[in-house]
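These values consider heavy atoms only, across backbone and side chains, with no hydrogens, waters or symmetry-generated copies.
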Amino acid sequence: MKLRFSRKTLCIPYAVFLLFFVIAPMLVIVFYAFTDKNNHVSFTNFLQFFSDPMKLSTIVYSVVIALITTVICLLIAYPVACILARSKMKRKHIILLLFVTPMWINFVLRVNAIRELINWIGLLGETNYANTVFGMVYDFLPFMILPLYTTISKIDNSLYEASADLGANAATTFFRVTLPLSFSGIISGITMVFLPSMTNYVVSDMLGNSKITIIGKFIETYFGTDWHMGSMIALILLLVVLVTSVLTGGFKSEESVRGANL
């Protein structure tokens, strides 16, 4: 008897993985989120979350820190990606590698190094929010540079030549050619930086002396004492992530632009 492999057969391992490691944990979280300590159906956790100013302020702080981190990363990464992508240097990949190399080092070691640097400067414990943002930018900057560099480097040089032939200056070419065609890279970078920085409480704990509580820290704390409230906060965070993905076009298919803005 011959074994015939089809696309449906090859999907079985993925379906099993999805069932046990994605769907099943999500069902557990939903169950705990909408039940009380006696495992009876209850919306108390939901009402308590939105009636507690401290929990709401934590979400606001998390979103603000994530937004500031994302904007700073974008402002730094876009010029770097443009220069590297458009440069004619033979060894520009080595420079790109220098930005990626910190990702190979253990995350906690990197945060400890930044903590020691801030402590040496004498700012640890004074500007906690600034320290947190600084650490977030340091850790997530490569995740903004890589998609931008990949997208910009794929732009056809003939579009720049056509823009120059039509009399466009450098600024016009950037806003009519480079920026629109690199929009998919911008969206990818924003998604890869904004979402993790909302939940990365290791940076805020180590660089903020545990004085800054973001949504990820809240979840970790409650899962140690109250799984029901922890599950509700995790579910709310998931909804925030889904809304963010929809607003940034994370679920849209990438459309190829052929210089229609020239």
Item to complete: Would you indicate whether the side-chain heavy atoms of I214 and M198 approach each other to under 4.5 Å?
Response: no

Item to complete: Evaluate the side-chain proximity of F134 to L207: yes if any heavy-atom separation is below 4.5 Å, no if none is.
Response: no

Discussion item. Is the shortest side-chain heavy-atom distance between M26 and L238 below 4.5 Å?
Written reply: yes

Worksheet, complete the sentence: Rounded to the nearest 0.5 Å, the CG atom of D156 sits from the CD atom of E161 at a distance of 8.0 Å

Worksheet item: Do F34 and I23 belong together in a cluster built from hydrophobic side chains that touch within less than 4.5 Å?
Response: no

Worksheet entry | S153 to A85 - nearest heavy-atom pair and separation | N-CB, 3.8 Å

Discussion item. Which residue is it: L97, T101, I95? I am looking for the one with a side-chain contact (heavy atoms from CB on, under 4.5 Å) to F99.
Written reply: I95

Worksheet item: Between S42 (side chain) and D36 (backbone), is there a donor-acceptor pair under 3.5 Å?
Response: no

Worksheet item: Are the ring centres of Y32 and F223 closer than 6.0 Å?
Response: no

Discussion item. Looking at S57 and M54, would you say the former's side chain and the latter's main chain have a donor-acceptor pair under 3.5 Å?
Written reply: yes

Worksheet entry | Heavy-atom side-chain contact between K55 and M229 under 4.5 Å | yes

Worksheet item: Hey, any chance L75 and I186 share a hydrophobic cluster, counting ILVMFWY side chains that come within less than 4.5 Å of each other, even indirectly?
Response: no

Discussion item. When you compare the side chain of V111 with that of Y138, does any pair of heavy atoms fall below 4.5 Å?
Written reply: no

Worksheet item: Do I233 and L237 come close enough that some side-chain heavy atom pair is under 4.5 Å?
Response: no

Practice prompt. State yes or no: are the ring centers of F50 and F46 separated by less than 6.0 Å?
Written response: yes

Worksheet entry | Intermediate values then yes/no, side-chain contact (heavy atoms from CB on, under 4.5 Å), I152 and Y78 | CA-CA 10 Å; I152 296 174; Y78 201 96; 4.2 Å; yes

Fill in: Short side-chain to backbone donor-acceptor contact, N45 and T35, under 3.5 Å
yes

Worksheet entry | S163 side chain vs L159 backbone, donor-acceptor pair below 3.5 Å | no

Worksheet entry | Spacing of R86 atom CZ and N157 atom CG [to the nearest 0.5 Å] | 4.5 Å

Fill in: Qualifying residue for side-chain contact (heavy atoms from CB on, under 4.5 Å) with T69, from V64, T132, V133
V133

Worksheet item: Taking a hydrophobic cluster as the set of Ile, Leu, Val, Met, Phe, Trp and Tyr residues connected by side-chain heavy atoms closer than 4.5 Å, whether directly or through intermediates, do I145 and V71 fall within one such cluster?
Response: no

Worksheet item: Can you get from V202 to L109 by hopping between Ile, Leu, Val, Met, Phe, Trp and Tyr side chains that sit under 4.5 Å apart?
Response: no

Discussion item. Are more than 12 heavy atoms, taken from residues, nucleotides or ligands other than F43, located less than 6.0 Å from that residue's CZ atom?
Written reply: no

Fill in: Donor + acceptor pair across side chains of N200, S197 (<3.5 Å)
no

Discussion item. Let me confirm one number: the CG-OG1 distance from L195 to T199, rounded to the nearest 0.5 Å.
Written reply: 8.0 Å

Practice prompt. Inspect the surroundings of CZ in F49 and state if more than 12 heavy atoms from other residues, nucleotides or ligands are less than 6.0 Å away.
Written response: yes

